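Inspection log for the structure reproduced underneath, given as structure tokens.
This is a predicted model, so every value here is computed, not measured.
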Amino acid sequence: VNKNFFLIVDEKRREKIRNNHSATHLLHASLRAVLGDHISQKGSMVNDDKLRFDFTYNEQLSNEQVNRIESLVNQSIRANIESKTELLPTKKAIETGAIALFGERYPEKVRVISFVNSISESLLSSVELCGGTHVSFTGQIGMFKIISDNSVSSGVRRIEAVTGESAENYFFEQAKLINQIKDKLKVNKNNLIEKIDNLKKELASLKKDVSNKKLQISEDN
């Protein structure tokens, strides 16, 4: 009471949330482009650490599909597509192609967030009803990396991903892990896979030898 307070937005945290939220819209558009327009959103979570997107799909995604989805998002990030924000009547917004969540109740007028590319047909365009915070240009997202793809229930899959600094840290940790493996196995990147395959063969051979010796001992007794 009788005190003045200054409310300040944590700009760095808000920037990360913006990156992840806009990347979620691009991910949704990429899923529809790669898997088909029948894909629909079943839930999402966005914070300053990562993004999570649940969607309808009955099959496990192949590595090729995941790579394609990821590549489309990153191409659209590098294209630095400008975002556009409009306040439109709900019916008009949906009639013009804006994606709305099935079963969600919307007011008479809705906020429409658009990332419409006019550069190439190979890039994404996204138009969705959304009240959240977003980047001004996709280039601000920096980069996008899918870190997991799992089934969460029958017919629903979940993708988790990181952007910007978090994506950079993810790549750094992956490179660090690979270097540690190389050091442990005393190999370089050119023969790392060959070394692992040889170790698997040696392990299988040793297991077979042990099994045969156990069988021999059992028969002798």
Side-chain angles (χ1 to χ4, degrees), residues 5-57 69 72-142 144 146 152-153 155-164 166:
F5 294 89
F6 294 94
L7 303 181
I8 302 173
V9 172
D10 184 333
E11 291 186 10
K12 188 172 182 179
R13 178 175 180 272
R14 178 60 61 86
E15 179 185 353
K16 291 178 180 179
I17 293 172
R18 278 199 298 263
N19 290 344
N20 287 338
H21 199 171
S22 296
T24 302
H25 282 217
L26 295 180
L27 170 60
H28 191 184
S30 185
L31 287 166
R32 289 168 62 88
V34 174
L35 304 179
D37 289 341
H38 61 284
I39 294 299
S40 63
Q41 180 179 341
K42 298 300 287 183
S44 70
M45 182 278 295
V46 174
N47 59 28
D48 56 327
D49 181 46
K50 64 181 179 180
L51 64 95
R52 186 177 73 209
F53 190 81
D54 296 349
F55 59 100
T56 54
Y57 199 65
I69 291 163
L72 274 174
V73 174
N74 278 310
Q75 288 178 50
S76 300
I77 288 172
R78 289 192 296 272
N80 203 28
I81 301 167
E82 185 176 9
S83 69
K84 182 180 179 181
T85 303
E86 296 179 283
L87 192 63
L88 298 174
T90 302
K91 187 177 180 181
K92 180 181 178 181
I94 295 175
E95 286 176 349
T96 55
I99 295 176
L101 292 180
F102 179 76
E104 187 80 8
R105 290 187 177 182
Y106 292 100
E108 290 185 7
K109 286 192 174 183
V110 289
R111 187 167 174 260
V112 181
I113 302 295
S114 305
F115 294 97
V116 178
N117 102 78
S118 57
I119 304 168
S120 169
E121 291 183 0
S122 64
L123 299 177
L124 300 172
S125 286
S126 168
V127 184
E128 294 194 32
L129 308 188
C130 183
T133 182
H134 286 277
V135 298
S136 299
F137 292 87
T138 58
Q140 295 172 259
I141 299 170
F144 171 87
I146 293 173
V152 291
S153 63
V156 178
R157 299 196 66 82
R158 170 174 294 170
I159 282 179
E160 292 188 336
V162 288
T163 65
S166 294

Only one of [options] forms a side chain to side chain contact (heavy atoms under 4.5 Å, CB included) with [X], so which one is it?
| X | options | value |
| --- | --- | --- |
| F55 | R158, R157, Q41 | R157 |
| F144 | L27, N19, N20 | L27 |
| I77 | L123, I141, V135 | I141 |

Without swapping roles, check the side chain of [X] against the backbone of [Y] for a donor-acceptor pair under 3.5 Å.
| X | Y | value |
| --- | --- | --- |
| S44 | R52 | no |
| T90 | E108 | yes |
| S30 | L26 | no |
| N80 | G139 | yes |

Find the distance between [atom1] ([X]) and [atom2] ([Y]) and round it off to the nearest 0.5 Å.
| X | Y | atom1 | atom2 | value |
| --- | --- | --- | --- | --- |
| T163 | E15 | OG1 | CD | 9.5 Å |
| H28 | I39 | NE2 | CD1 | 8.0 Å |
| K16 | D10 | NZ | CG | 9.0 Å |
| N117 | Q75 | CG | CD | 10.5 Å |

Taking all non-hydrogen atoms of both residues into account, name the closest pair between [X] and [Y] and its distance.
| X | Y | result |
| --- | --- | --- |
| R32 | D37 | NH1-O, 3.1 Å |
| S126 | A29 | CB-CB, 4.2 Å |
| T138 | I81 | OG1-N, 2.7 Å |

Kindly indicate whether the side chain of [X], heavy atoms from C-beta on, has any atom under 4.5 Å from the side chain of [Y].
| X | Y | value |
| --- | --- | --- |
| I159 | L31 | yes |
| F115 | S76 | no |
| R13 | I17 | yes |
| K50 | V162 | yes |

Taking only residues two or more places apart in sequence, or in another chain, which ones meet H134 in a ring pair (Phe, Tyr, Trp, His ring centres under 6.0 Å)?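 H134 satisfies ring pair (Phe, Tyr, Trp, His ring centres under 6.0 Å) with H21, H25 only.
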
What residues, two or more places apart in sequence or in another chain, satisfy ring pair (Phe, Tyr, Trp, His ring centres under 6.0 Å) together with Y57?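 Partners of Y57 by the ring pair (Phe, Tyr, Trp, His ring centres under 6.0 Å) criterion come out as none, since no residue qualifies.
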
Can V112 and L129 be said to form a side chain to side chain contact (heavy atoms under 4.5 Å, CB included), step by step? CA-CA 5 Å; V112 181; L129 308 188; 3.7 Å; yes

Please walk me through it: do K42 and T56 pass side chain to side chain contact (heavy atoms under 4.5 Å, CB included)? CA-CA 7 Å; K42 298 300 287 183; T56 54; 3.4 Å; yes

Could I get the full list of side-chain hydrogen bond (donor to acceptor under 3.5 Å, both in side chains) partners for E82, not counting sequence neighbours?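 Partners of E82 under the side-chain hydrogen bond (donor to acceptor under 3.5 Å, both in side chains) test: none.
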
